[in-house]
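Notes follow once the structure below has been shown.
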Amino acid sequence: MRCTFGFVWAASLLGSSLGGPVKDLYARDNAVTYFDPETGFTFSEFKAAYSLSSNILYRVAVPSSVPAGAAYDAVLQIVAPNQVGWAGLAWGGTMPKNPLTVGWPNGAKPNFSSRYASGHTMPTAFTGATYQQFTTGNKSNGTHWTLTVKCTGCTSYTGTNGAVRLNPTGTNRFAFAYATAKPTTPGSNTTNFGMHDVFNYWSHDFSQGQNPTFATLVVKNGGTTTSGDAAL
Ligand code: HEM
């Protein structure tokens with residue numbers, strides 16, 4: 001019996017390393033395409049595990065056919081369980097020196113803030129990125145809250161080593177952070193909030209969130225277009 005058990009155990013470990021959980025882990029490190037029926041945007045979606053059993057969804061939609069080197073806007077959608085007090089996205093994959101978008105529940109309509117950290121201290125307001133919160137895709141129910149915003153200035157910024165432009169058709173290193181504690185003044189986007197409980201990194205594949213009619217969708221969802229929305 002002991003021998004059989006040992007064999008089965010060894011075989012399942014071998015199986016795991018060849019195809020089972022390894023494949024699952026790999027799959028979790030990639031964004032997949034998600035079509036949002038409410039807004040009409042096609043998003044690249046990543047499930048950021050903040051515990052062994054719970055995820056925050058980070059979705060990014062970009063215009064198709066962005067001209068080489070041109071600045072472009074992106075739509076960010078965050079879907080988080082109600083136990084998440086705030087959820088942040090670091091567009092350059094580190095806490096300091098890149099645009100941070102921080103969202104949190106605030107009654108029927110979640111609130112958010114544009115932030116920037118020069119180090120590992122509370123990020124302050126960042127005017128290098130500007131946002132529009134859509135009339136759609138901003139809600140909460142008994143289980144989740146959903147934030148949907150368009151950002152101008154999140155995909156190009158000045159980082160530690162100079163100008164950075166995220167690849168509109170490829171993978172970009174992202175990071176997220178979350179805390180269960182809510183911000184001090186949820187109705188204000190200059191609110192203070194405490195340090196995160198968890199953070200992590202991933203490669204977000206923008207090729208999964210291409211939108212040939214990006215500018216049209218921006219208007220349909222209550223936004224106004226800028227030059228960065230143009231899909232040629
Ligand atoms: C009150 C607000 C915050 C405080 C006090 C804070 C503080 C810190 C500290 C002390 C570390 C280093 C932790 C360690 O080395 O173990 C850290 C790391 C990190 N924080 Fe924050 N943080 C805050 C907000 C945020 C926000 C809004 C984000 C946005 C996504 C963020 C993203 C990260 C990431 C990705 C790391 C990993 C190290 C790095 O990439 O720099 N933090 N934070």
Side-chain angles (χ1 to χ4, degrees), residues 28-31 43-51 54-62 74-106 110-131 133 138 144-167 171-206 209:
R28 256 189 273 145
D29 199 29
N30 283 277
F43 289 96
S44 47
E45 174 190 280
F46 180 75
K47 287 184 184 176
Y50 66 86
S51 75
S54 303
N55 301 304
I56 300 169
L57 304 181
Y58 287 91
R59 295 175 175 152
V60 176
V62 293
V75 172
L76 170 66
Q77 185 170 72
I78 298 176
V79 183
N82 286 340
Q83 70 186 124
V84 171
W86 64 260
L89 174 66
W91 292 81
T94 67
M95 180 173 165
K97 301 200 161 66
N98 64 145
L100 306 174
T101 312
V102 185
W104 59 84
N106 180 39
N111 205 353
F112 72 99
S113 184
S114 174
R115 300 286 173 119
Y116 188 90
S118 46
H120 288 136
T121 52
M122 200 180 71
T124 52
F126 178 53
T127 53
T130 53
Y131 291 81
Q133 187 168 16
N138 287 285
H144 290 77
W145 53 272
T146 301
L147 173 77
T148 307
V149 292
K150 183 183 83 160
C151 180
T152 302
C154 286
T155 60
S156 303
Y157 59 91
T158 305
T160 312
N161 301 312
V164 175
R165 176 178 178 270
L166 303 189
N167 182 347
T171 57
N172 298 290
R173 186 170 166 79
F174 271 8
F176 85 96
Y178 111 100
T180 49
K182 291 183 170 39
T184 322
T185 317
S188 162
N189 57 19
T190 55
T191 180
N192 287 334
F193 48 84
M195 192 174 157
H196 29 78
D197 302 328
V198 172
F199 60 78
N200 211 343
Y201 312 93
W202 74 96
S203 282
H204 198 101
D205 187 357
F206 282 22

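Every number for a ligand or one of its atoms is a count from 1 in the order of the listing. We're numbering straight along the sequence, starting at 1. When reading the values below, keep in mind they use all heavy atoms of this one structure, side chains included, and skip hydrogens, waters and symmetry mates.
For ligand 1, the protein residues within 4.0 angstrom (heavy atoms only) are W86, G88, L89, A90, T94, M95, P96, L100, V102, H120, M122, P123, A175, A177, F193, G194, M195, H196, F199, Y201.
Taking the side chain as every heavy atom from C-beta outward, L57 and Q77 never approach each other to under 4.5 Å. Looking at V60 and S44, their side chains come closer than 4.5 Å, going by heavy atoms from C-beta outward. Between V198 and F176, the closest side-chain pair of non-hydrogen atoms falls below 4.5 Å. Side-chain contact between W91 and F174 is present, with at least one heavy-atom pair separated by less than 4.5 Å.
Taking T130 as the reference, T152 meet the side chain to side chain contact (heavy atoms under 4.5 Å, CB included) condition, with sequence neighbours excluded.
Remark: L89 CG to F112 CZ distance equals 13.5 Å, nearest 0.5 Å.
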